[in-house]
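Reading through the structure tokens given below for one structure.
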Amino acid sequence: MLDAATVSARAESIRNGDVRTLSRSISGIENGDPDAALLMRFLYPFTGNARVVGFTGAPGAGKSSVINEAIQAYLERGLRVAVIAVDPTSEFTGGGVLGDRVRMQVFSDRLYIRSFGAGGCLGGLNTACGQTIALLDAAGFDRILVETVGAGQSEIEIRHYADTVVVVSTPNQGDEIQMLKAGILEIGDVFVLNKCELPGAQQAAAELIEMTHLYAMGRQNRIYADDRSCCGAVAPIGGDRKPGGADGDQTATVEPDIPPVVQVSALEKIGFTEMFEAIERKLRTMEERKLLRGRRRRRTEKYLSDYLVRAFQERTLRDFRSGDTWRRVCDMVENAELDPLSAGERLWENMTGGSE
Amino acid sequence: MHMNDRKIRVLMAKVGLDGHDVGVKVVARGLADAGMEVIYTGLRQTPQTVVQTAIQEDVDIIGISLLSGAHMVFIPEILRLLKENRAEDINVFCGGVIPVEDIAELKKLGIKEVFVAGSSMKDIVGCVKEAFQARHERQRKGQNDA
Ligand SMILES: Nc1nc2c(ncn2[C@@H]2O[C@H](COP(=O)(O)OP(=O)(O)OP(=O)(O)O)[C@@H](O)[C@H]2O)c(=O)[nH]1
Ligand SMILES: [Mg+2]
């Protein structure tokens, strides 16, 4: 363990743009070093300025290529950009080739790119991603772009980390646009149709637009209202619900928020000004409507409940499972003297001392 | 967390103008299969981009693949830039077409190992693991001294 003075100096270096210290600290977070926890205590007060943009979509859709263009758009406007690029790793060996950087060949003092193996980030209860975002935020990056593994839980998980979610798809997917998973359609804030120089792009775009309209209502009622609920305002669909809480003077009607569909081609480098503007407009409106705060509040709640679940598993549950009661009840289920559901309840009561 | 749980991170880079990346990809795959996280940069990297990437990714070691014959230019420059950036704790190994007489010279400059055509994957994995262990040993010592 390092002493507080050393860690404090490290925090200062990170805030002053020392890339080496930043990089090492991110490794520390990934590896669960105790020093990383202390570092976070020094740096957390300086978070809150960065905006996090998540990029998700099927493998090969062009997420990295699209991020490469976004990076340039941000750099051109004088902003500092960090990228968190997650690639799949083997469940068996933990290893993997992380190749997102191949498509991101921009170098600048205002750009930081970090590759992660999926094993250590996004999905499950791993917290490296959230903490890395906080670290990059405190380090002064204006935008943090997160590329997810285009499969599995991480596609949806990203909404817990990002202020805005960009879904990348392609005309290649053909009929599959309609088959985009419902979850994906619900979490997308901006839809980017990449490879739009390919045949079929027009039709794919038309289908995407139709789908976003179809899903707009579902979004509005669930995720969108969810975003608002934490700021004390209710998203009034149809305008018949009274706004309540601290922001009581919120307008009663908010026009349905249909995510924009932008056609781009990373190959021909077209459409990226529009994409950049769509993302930034989205971030602005969310801020104006106080939705960002709600989303961040949910992020905090998600983080804390994940933390508790893990603490419960690693501490309370582990101890309990080495006890007599546990063994006895398991035996009873095994001998069919007790059904599993009643057994679960009995254990719960025993563990919590009978309270709910 | 115990050091053995730490992921070994390797940067595999292709420096120079030739477009052959089969060799570097095979080595990247082999290291990944040995449980490492291998960051692959793609073709036509320069010493500057290699060193900048290595620092951002906090890798334990850099593997450079060269076929262009310019190794006596690129490798010393990479080693120099690492030093300049206070990152000489990151080891470098290289492979590709490298004449025997240059190998001793490169090692004198501080390169960890040179793998010529026909080297076994097992040797490369061993070299990387050794460099990783040495690096974290040093980091731990450095911390205790500090
Ligand atoms: N035709 C065409 N190909 C593109 C375009 N953008 C990207 N590609 C190609 O699509 C492939 C995948 O691009 P990536 O950017 O690596 O896609 P990705 O979604 O990041 O892929 P993963 O990270 O592996 O999931 C590459 O071969 C790109 O060259 C485009 O606009 N048009
Ligand atoms: Mg990618």
Side-chain angles (χ1 to χ4, degrees), chain A residues 1-3 5-7 9-10 13 18-36 64 82-109 111-121 128 136, chain B residues 1-14 21 24-46 48-60 82 84-90 125 128 135-136 139-140 142-146:
Chain A
M1 267 299 263
L2 295 172
D3 58 298
T6 312
V7 178
R10 225 176 245 189
S13 304
D18 178 351
V19 180
R20 189 112 175 84
T21 308
L22 172 69
S23 292
R24 283 223 178 146
S25 303
I26 292 175
S27 303
I29 288 174
E30 251 201 306
N31 290 302
D33 289 352
D35 297 329
S64 302
V83 179
I84 292 176
V86 190
D87 263 321
T89 43
S90 157
E91 268 178 56
F92 302 108
T93 66
V97 178
L98 316 180
D100 287 327
R101 283 192 89 111
V102 174
R103 313 266 163 231
M104 303 179 196
Q105 293 294 329
V106 186
F107 288 88
S108 155
D109 289 342
L111 171 64
Y112 180 85
I113 304 178
R114 178 73 176 217
S115 312
F116 281 88
C121 194
L136 293 167
Chain B
M1 187 177 277
H2 204 258
M3 195 189 88
N4 292 337
D5 299 334
R6 246 190 134 94
K7 277 269 125 48
I8 303 180
R9 287 170 69 84
V10 187
L11 175 66
M12 289 300 299
K14 181 85 198 139
D21 58 357
V24 68
K25 280 182 173 163
V26 169
V27 174
R29 191 70 260 160
L31 295 173
D33 288 344
M36 305 175 190
E37 290 182 350
V38 185
I39 293 109
Y40 178 56
T41 61
L43 298 168
R44 297 191 237 303
Q45 299 297 304
T46 66
Q48 284 79 11
T49 63
V50 168
V51 171
Q52 199 170 346
T53 303
I55 290 175
Q56 291 185 354
E57 299 283 0
D58 190 33
V59 292
D60 299 297
L82 282 171
E84 190 179 294
N85 287 281
R86 295 181 296 122
E88 60 267 44
D89 62 304
I90 301 176
V125 168
V128 169
R135 180 174 187 241
H136 287 282
Q139 269 181 20
R140 254 206 319 262
Q143 267 189 14
N144 292 342
D145 295 345

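Being a predicted model, the structure only gives us computed values, none of them experimental. Chain letters run A, B, ... following the sequence lines, proteins first and then strands; every chain starts at 1.
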Does any backbone or side-chain atom of Gln45(B) lie under 4.5 Å from a heavy atom of chain A? Answer side chain, backbone, both or neither. side chain

Does any backbone or side-chain atom of Ser115(A) lie under 4.5 Å from a heavy atom of chain B? Answer side chain, backbone, both or neither. both

For the pair Gln56(B) and Arg101(A), evaluate side-chain hydrogen bond (donor to acceptor under 3.5 Å, both in side chains) and give the outcome as yes or no after the intermediate values. CA-CA 12 Å; Gln56(B) 291 185 354; Arg101(A) 283 192 89 111; 3.0 Å; yes

Close contacts, residues 27-36 of chain B versus chain A, judged by heavy atoms under 4.5 Å: Ala28(B), Arg29(B), Ala32(B), Asp33(B), Gly35(B), Met36(B)

Going by side-chain hydrogen bond (donor to acceptor under 3.5 Å, both in side chains), name the residues that satisfy it together with Arg44(B), two or more places apart in sequence or in a different chain. none

Spacing of Gln52(B) atom CD and Phe107(A) atom CZ [to the nearest 0.5 Å]: 6.0 Å

So, does Gln105(A) use its side chain to make a donor-acceptor pair with the main chain of Thr41(B) at under 3.5 Å? yes

Would you please test Arg6(B) and Glu30(A) for side-chain contact (heavy atoms from CB on, under 4.5 Å) and show each step? CA-CA 9 Å; Arg6(B) 246 190 134 94; Glu30(A) 251 201 306; over 6 Å; no

Checking side-chain hydrogen bond (donor to acceptor under 3.5 Å, both in side chains) for the pair Ser23(A)/Glu57(B): CA distance, chi angles, key distance, verdict? CA-CA 6 Å; Ser23(A) 292; Glu57(B) 299 283 0; over 6 Å; no

Option in Thr49(B), Ile8(B), Ile55(B) with maximal non-hydrogen atom pairs under 4.5 Å from chain A: Thr49(B)

Could you state the interatomic distance from OG (Ser27(A)) to CG (Asp60(B)), rounded to the nearest 0.5 Å? 8.0 Å

Sequence neighbours left out, what passes side-chain hydrogen bond (donor to acceptor under 3.5 Å, both in side chains) with Asp100(A)? Give chain and number order. Ser64(A)

State the NZ-CG distance between Lys7(B) and Asn31(A), to the nearest 0.5 angstrom. 8.5 Å

Sub-3.5 Å donor-acceptor pair from the side chain of Arg20(A) to the main-chain atoms of Arg86(B), do we have one? yes

Checking heavy atoms, do the side chain of Ile90(B), its backbone, both or neither come under 4.5 Å from chain A? side chain

Nearest heavy atoms of Tyr40(B) and Val102(A), plus distance in Å: O-CG2, 3.5 Å

What is the distance from atom CD1 of Ile39(B) to atom CD1 of Ile113(A), rounded to the nearest 0.5 Å? 11.5 Å

Glu91(A) atom CD: more than 12 heavy-atom contacts under 6.0 Å: no

side-chain contact (heavy atoms from CB on, under 4.5 Å) filter on Leu43(B), not counting sequence neighbours, yields Lys14(B), Asp21(B)

